[in-house]
Amino acid sequence: MMLKGKRIIVTGGASGIGRATSILAAREGALVAIADINQKMAQETADLVREEGSEALVIEMDTSNKADTLRMVDETISAFGTIDGLVCGAIKLVPGKLEELSEDDWDMVMDIGLKGYFFCAQAVGRVMLENGNGSIVLISSVGGVQAYNGAGAYSVCKAGAIMLGQLIGVEWGGRGVRGNTVCPGQVRTPMTEAMFKDPEIAAGRASVVPMGRVGKPQEIAEACVFLLSDRASYMNAGIMQVDGGQAESKMMHTPGRNWGGINMSYTEK
Ligand SMILES: NC(=O)c1ccc[n+]([C@@H]2O[C@H](COP(=O)([O-])OP(=O)(O)OC[C@H]3O[C@@H](n4cnc5c(N)ncnc54)[C@H](O)[C@@H]3O)[C@@H](O)[C@H]2O)c1
């Protein structure tokens with residue numbers, strides 16, 4: 001068991017990649033706190049964690065609210081004793097063209113997906129620094145290394161997450177706290193379902209991936225669990241691409257490729 005006895009928090013753990021990570025972490029022996037704004041779905045994840053024979057805690061919270069992130073830490077310590085690992089994945093995707101993007105939509109994405117990552121990492125990091133031990137995994141995206149057209153502030157937010165992961169690794173690595181970033185490619189989850197439900201569009205999107213298919217949430221969870229574990233003891237300030245080769249191929253923006261960008265309305269034809 002790669003995470004036997006480790007106490008971890010997964011933000012965005014109610015759904016998609018966060019849920020898959022919570023379940024896999026539990027299978028590998030971790031006690032899992034599921035921190036999410038959606039309490040109902042977080043409870044479902046908690047049930048799935050318990051089915052793996054582990055302990056689960058549900059924390060209803062908003063990552064963009066600093067007080068909530070401090071309470072998240074307190075509740076986890078009360079329940080589990082301390083915190084060994086954090087995975088940040090909470091996001092709200094608000095598609096939009098750059099020329100039309102409103103301040104509110106920009107702020108929502110950046111507040112949840114970047115400032116929220118910082119709040120969570122800082123609150124949890126202080127505990128880990130005191131322990132002299134811990135692993136923080138930030139979920140970014142291919143969109144953090146290549147511009148996702150039509151995705152509003154998403155790519156800027158995800159590029160920031162990569163730098164935050166590097167900063168954590170550089171500032172805290174010498175004190176026992178590793179920071180790393182995972183960059184998933186396209187994965188079918190509730191967030192992207194609107195884009196993948198049309199088979200024609202799904203095929204177009206898969207065609208920009210050298211492996212010819214999109215990813216499964218479990219395939220991203222594997223990377224997160226590895227980085228949380230002591231098996232990744234020398235991985236710090238790193239960027240792990242789990243994308244079937246999408247970022248490296250640069251096919252997304254090749255003329256003639258119909259990748260469609262991150263545009264929910266693209267499916268409403
Ligand atoms: N699905 C993909 O194709 C893909 C690709 C690359 C990167 N990612 C990244 O992976 C992570 C998970 O994405 P997903 O596809 O599983 O999405 P998802 O929508 O299935 O899950 C996101 C979770 O975040 C929660 N959330 C939203 N706002 C919140 C807030 N303010 N506070 C707390 N929780 C909040 C939601 O309730 C949900 O449970 C995200 O960071 C996303 O950017 C996803």
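Counting starts at 1 for both ligands and their atoms, following the listed order. Please read all numbers here as calculations on a predicted model, not as lab measurements.
No hydrogens or angles considered: a donor-acceptor pair under 3.5 Å links the side chains of D62 and S64. With 3.5 Å as the limit, one finds a donor-acceptor pair spanning the side chains of Q246 and Q186.
Evaluation of the side-chain hydrogen bond (donor to acceptor under 3.5 Å, both in side chains) rule for K40 yields E44 as partners, not counting sequence neighbours. Shown here are the side-chain hydrogen bond (donor to acceptor under 3.5 Å, both in side chains) partners of D68, two or more places apart in sequence or in another chain: R71.
The cationic group of R231 does not satisfy the cation-pi geometry with F226, failing either the under 6.0 Å distance to the six-membered ring centre or the 45° limit from the ring axis.
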What are the polar N/O contacts of ligand 1 with the protein below 3.5 Å, with distances?
residue	atom	partner	partner atom	Å
ligand 1	1 (N)	V187	O	3.1
ligand 1	1 (N)	T189	OG1	3.3
ligand 1	3 (O)	V187	N	2.7
ligand 1	3 (O)	V187	O	3.0
ligand 1	15 (O)	T189	OG1	2.5
ligand 1	16 (O)	I17	N	2.8
ligand 1	20 (O)	S15	OG	2.6
ligand 1	31 (N)	D62	OD1	2.9
ligand 1	32 (N)	T63	N	3.0
ligand 1	34 (N)	I37	N	3.3
ligand 1	37 (O)	D36	OD1	2.6
ligand 1	39 (O)	D36	OD1	3.3
ligand 1	39 (O)	D36	OD2	2.7
ligand 1	41 (O)	G89	O	2.8
ligand 1	41 (O)	Y117	OH	3.2
ligand 1	41 (O)	K158	NZ	2.8
ligand 1	43 (O)	Y154	OH	2.6
ligand 1	43 (O)	K158	NZ	3.0

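Counting only residues at least two apart or on different chains, the salt bridge (Lys or Arg N to Asp or Glu O under 4.0 Å) pairs with a member in residues 212-226 are R213-E219.
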